[in-house]
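Quick notes on the structure that follows.
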Amino acid sequence: QVQLVESGGGLVQPGGSLRLSCLASGFTLDDYAIGWFRQAPGKEREGISCINRVDLRTSYVDSVKGRFTISRDNSKNTVYLQMNSLKPDDTAVYYCATVKNPFNVYTCFPRFIAFGSWGQGTQVTVSS
């Protein structure tokens, strides 16, 4: 069965760092672009970062640009999200997902849309 499992969340102080992992099983990760999404209490789920397949191009929402870095290791079937300089507004449940663009191409550009089922996500809490 196709699965994406997120891990690495936790409680950190403002200014701290976390690295999230997204492990894929049941499919070949390098066939797809992968995005990270988050949902804070009372807010809609938003896409925050994405990484392409072969060309490894990346995108970030303005609120995380310069602080978060997305990467992938296809040999481990894993995508990572390195989060630095964390702020209380980063508190959310974080999810990864396979993505496509509005033309059904497996790319992050010009904008990315998740498809498939969501996993459990991993909770990130930034608080002093």
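The figures here come from the full heavy-atom set of this structure, side chains too, leaving out hydrogens, waters and symmetry mates.
The hydrophobic cluster containing Leu4 also contains Val79, counting ILVMFWY residues as joined when their side-chain heavy atoms lie under 4.5 angstrom apart, directly or transitively. A single hydrophobic cluster is seen to contain both Ile48 and Met83, as judged by linkage of ILVMFWY side chains at heavy-atom distances under 4.5 Å, directly or through other members. One hydrophobic cluster, built from ILVMFWY side chains closer than 4.5 Å, cannot hold both Val99 and Phe27; they sit in different ones.
Checking side-chain atoms of Arg67 against main-chain N and O of Ser63 turns up a donor-acceptor pair under 3.5 Å. No donor-acceptor pair closer than 3.5 Å links the side chain of Arg72 to the backbone N or O of Asn77. Of the possible polar contacts, one joining the Asn101 side chain to the Phe109 backbone as a donor-acceptor pair under 3.5 Å is found.
Using a 4.5 Å heavy-atom cutoff, the side chains of Trp36 and Phe68 are not in contact. The shortest distance between side-chain heavy atoms of Pro102 and Ile113 falls below 4.5 Å. The closest side-chain heavy-atom distance from Tyr80 to Thr69 is not below 4.5 Å. Considering only heavy atoms from C-beta on, Ser71 stays 4.5 Å or farther from Gln82 through its side chain. Here the side chains of Val105 and Lys100 are not in contact, with every heavy-atom distance at 4.5 Å or above.
Ring centers of Tyr106 and Phe115: under 6.0 Å apart, within the cut-off. Aromatic ring centres of Phe112 and Phe37 lie closer together than 6.0 Å.
Residue Leu81 is tested with Thr122, Leu20, Leu18, Val64 for a side chain to side chain contact (heavy atoms under 4.5 Å, CB included); the sole match is Leu20.
Minimum interatomic distance between Ala97 and Ala114 (heavy atoms only, all atoms of both residues): CB-CB, 3.8 Å. Pairing each heavy atom of Gln123 with each of Val93, the nearest pair is OE1-CG2, 3.3 Å. A pairwise comparison of heavy atoms in Val126 and Asp90 identifies CG2-CB, 4.3 Å as the closest pair.
Between Leu29 atom CG and Thr98 atom OG1 the span is 9.5 Å, to the nearest 0.5 Å. Once rounded to the nearest 0.5 Å, the distance linking OG of Ser49 with NZ of Lys65 reads 10.0 Å. Remark: Ile34 CD1 to Asn74 CG distance equals 9.0 Å, nearest 0.5 Å. With rounding to the nearest 0.5 Å, the separation of CG in Leu86 from CG in Asp89 is 11.5 Å.
Between the side chains of Asp73 and Ser75, at least one donor N or O sits under 3.5 Å from an acceptor N or O. Looking only at atom types and distance, the side chain of Arg38 has a donor-acceptor partner in the side chain of Tyr94 under 3.5 Å away.
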Show every donor-acceptor pair shorter than 3.5 Å between a side-chain atom in residues 5-14 and any protein atom, with sequence neighbours excluded, or say none if there are none.
{"residue": "Glu6", "atom": "OE1", "partner": "Gly121", "partner atom": "N", "Å": "3.1"}
{"residue": "Glu6", "atom": "OE2", "partner": "Cys96", "partner atom": "N", "Å": "3.0"}

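Within 6.0 Å of the CD atom in Gln120, the count of heavy atoms belonging to other residues, nucleotides or ligands does not exceed 12.
Geometric assessment of Arg45 against the ring of Tyr95 yields a positive cation-pi assignment under the 6.0 Å and 45° thresholds.
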